[in-house]
Amino acid sequence: MAQDSAPCTVKAPVPLQVGDGKSELGRPGVYVIDVTLQKPQTVQEISFKNSYTAFLTVRIQQRKKSDPKNRRWRTCVRDLRLMANPHTEDGSQDYVSLHAPQVLCATDHVSSIRLILRQPSPVWTTFTIEDLQINPSGQQSLQKGFSWWLNHLSPKEQLRSLNKGLPDPNRVSSELQQMWVLTEVMRSNQNAASVGRFDVDGCYDINLLSYT
C-alpha cells in the first residue's frame with residue numbers, strides 16, 4: 001500500500017468455483033478480495049493496476065457511529081469492464097482509478113471493501129489486481145498512466161467513448177485489400193504493355209520512321 005493510502009488489511013484473493021475444485025479440471029473464473037479499513041472513513045478513490053481481470057464489481061460495508069451494529073453492504077461499482085475484449089490483452093495491465101463521483105452510492109463511513117474480480121476467458125491462467133490503494137477524502141493516488149476512459153467517464157460511457165469517431169476496422173481492412181489488388185493489376189498491365197514511339201499494333205509505319 002502507498003504511504004498516503006488509508007491503513008487497511010488486504011486479504012489474499014479467494015477463488016469462487018462451482019463444484020469440487022480438487023476434482024474438476026476447470027479453473028475459477030471469479031476471485032474475491034476483501035479489504036478491511038482500520039477505522040470507518042470516507043473513501044475518495046480506489047486505484048490499482050489491472051492484471052488480466054475483465055470485469056470488476058466493488059461492494060462496500062458502511063458502519064455509522066450513530067448505529068455501529070447496523071453494517072450494510074452496498075454495491076458501488078457493478079460489472080465494470082476493464083478489458084475491451086476478455087480474450088485479448090487490451091486493458092489487461094492498465095492502471096485504473098475509480099473516484100467517488102463515478103460510483104453508484106455514497107462512500108462515507110466505509111469499514112470494509114469487497115472486490116469481485118471476474119474473467120470469463122480461458123485464455124489467461126491467472127488474473128488479479130495489483131498495487132491496490134484506498135485513498136480517503138482529500139487524498140489522491142500518485143500513480144501515473146491511468147486509463148483515461150476509466151478515470152474521467154462513467155462506466156456506461158467507457159466502451160461508447162472508445163469506439164466514438166473510429167472507422168469500422170472490417171471496412172478499413174476490405175478497402176485496403178481492394179487497393180492492394182488494384183495496384184497489383186495496374187503494375188501487371190504496365191509491365192506487359194509494349195513501349196514504343198512509332199509502333200502501331202505491333203508494326204512500324206515507314207513514313208513515320210523516315211521523318212525522324
Side-chain angles (χ1 to χ4, degrees), residues 1-16 28-37 41-62 73-108 110-121 123-166:
M1 304 294 291
Q3 184 177 359
D4 294 336
S5 181
C8 60
T9 301
V10 181
K11 296 183 179 180
V14 177
L16 297 183
V30 179
Y31 279 96
V32 176
I33 300 177
D34 283 331
V35 180
T36 303
L37 303 177
Q41 55 187 298
T42 300
V43 175
Q44 179 66 26
E45 179 188 27
I46 300 176
S47 61
F48 57 88
K49 180 183 179 182
N50 187 24
S51 181
Y52 298 94
T53 297
F55 301 94
L56 173 69
T57 295
V58 180
R59 304 198 68 197
I60 59 174
Q61 188 181 61
Q62 296 172 302
W73 280 101
R74 304 180 66 182
T75 300
C76 61
V77 176
R78 188 187 304 275
D79 290 334
L80 176 64
R81 182 183 290 271
L82 302 180
M83 299 172 61
N85 187 337
H87 305 288
T88 64
E89 291 196 4
D90 293 342
S92 61
Q93 300 184 60
D94 284 349
Y95 284 94
V96 180
S97 178
L98 302 174
H99 296 276
Q102 296 175 280
V103 301
L104 302 176
C105 63
T107 56
D108 57 332
V110 177
S111 59
S112 300
I113 301 175
R114 176 165 294 170
L115 305 171
I116 304 173
L117 287 57
R118 189 159 58 90
Q119 176 53 270
S121 175
V123 176
W124 320 112
T125 56
T126 59
F127 61 94
T128 185
I129 59 175
E130 304 170 348
D131 302 333
L132 177 64
Q133 296 184 24
I134 309 298
N135 299 311
S137 180
Q139 297 182 3
Q140 292 185 352
S141 67
L142 299 179
Q143 293 181 346
K144 298 181 180 180
F146 291 112
S147 301
W148 65 268
W149 66 88
L150 294 178
N151 200 20
H152 298 285
L153 300 179
S154 63
K156 294 182 179 180
E157 296 174 321
Q158 292 168 14
L159 290 181
R160 187 188 312 167
S161 179
L162 283 176
N163 295 328
K164 185 178 180 180
L166 296 179

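The residues of the chain are indexed from 1 along the displayed sequence.
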Problem - Minimal non-hydrogen separation, Thr75 against Leu104, with atom names - result: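 In terms of heavy atoms, the two residues are closest at O-CB, 3.9 Å.
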Exercise for the section: Work out which heavy atom in Pro136 is nearest to a heavy atom in Gln44; give both atom names and the distance. Expected result: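 Nearest pair, atom of Pro136 first, then Gln44: O-CB, 3.4 Å.
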Give a yes or no on whether the backbone of [Y] and the side-chain of [X] come within a donor-acceptor separation of less than 3.5 Å.
X     : Y      : answer
Thr57 : Asp79  : yes
Gln62 : Ala106 : yes
Asp94 : Val96  : no

So how far is it from [X] [atom1] to [Y] [atom2], rounded to the nearest 0.5 Å?
X      : Y      : atom1 : atom2 : answer
Tyr31  : Ile129 : OH    : CD1   : 13.5 Å
Asp90  : Met83  : CG    : CE    : 7.5 Å
Cys8   : Asp34  : SG    : CG    : 12.0 Å
Ile116 : Arg78  : CD1   : CZ    : 9.5 Å
Thr107 : Gln102 : OG1   : CD    : 11.5 Å
Asn135 : Gln41  : CG    : CD    : 10.0 Å

Problem - Verdict with supporting geometry, Ser92 and Phe127, side chain to side chain contact (heavy atoms under 4.5 Å, CB included) - result: CA-CA 9 Å; Ser92 61; Phe127 61 94; over 6 Å; no
Practice task
Could you walk me through whether Gln133 and Phe48 pass side chain to side chain contact (heavy atoms under 4.5 Å, CB included), step by step?
Solution key: CA-CA 6 Å; Gln133 296 184 24; Phe48 57 88; over 6 Å; no
Practice task
Hey, can you tell me if Trp124 and Tyr52 have their rings parallel, tilted or perpendicular (30° and 60° cut-offs)?
Solution key: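 Ring orientation, 0 to 90° scale: tilted.
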Can you confirm whether [X] sits close enough to [Y] that some side-chain heavy atom of one is under 4.5 Å from a side-chain heavy atom of the other?
X      : Y      : answer
Pro120 : His87  : no
Ile33  : Ile113 : no
Val30  : Arg118 : yes

Exercise for the section: Let me see the working for Leu56 and Leu115 under side chain to side chain contact (heavy atoms under 4.5 Å, CB included), right down to the final yes or no. Expected result: CA-CA 7 Å; Leu56 173 69; Leu115 305 171; 4.2 Å; yes
Handout entry: CA sep, side-chain torsions, deciding dist, call: Leu98, Leu80, side chain to side chain contact (heavy atoms under 4.5 Å, CB included)
Key = CA-CA 10 Å; Leu98 302 174; Leu80 176 64; 3.5 Å; yes
Practice task
Only one of Ile134, Thr9, Ile60 passes side-chain contact (heavy atoms from CB on, under 4.5 Å) with Leu37; say which it is.
Solution key: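 Among the candidates, only Ile134 passes.
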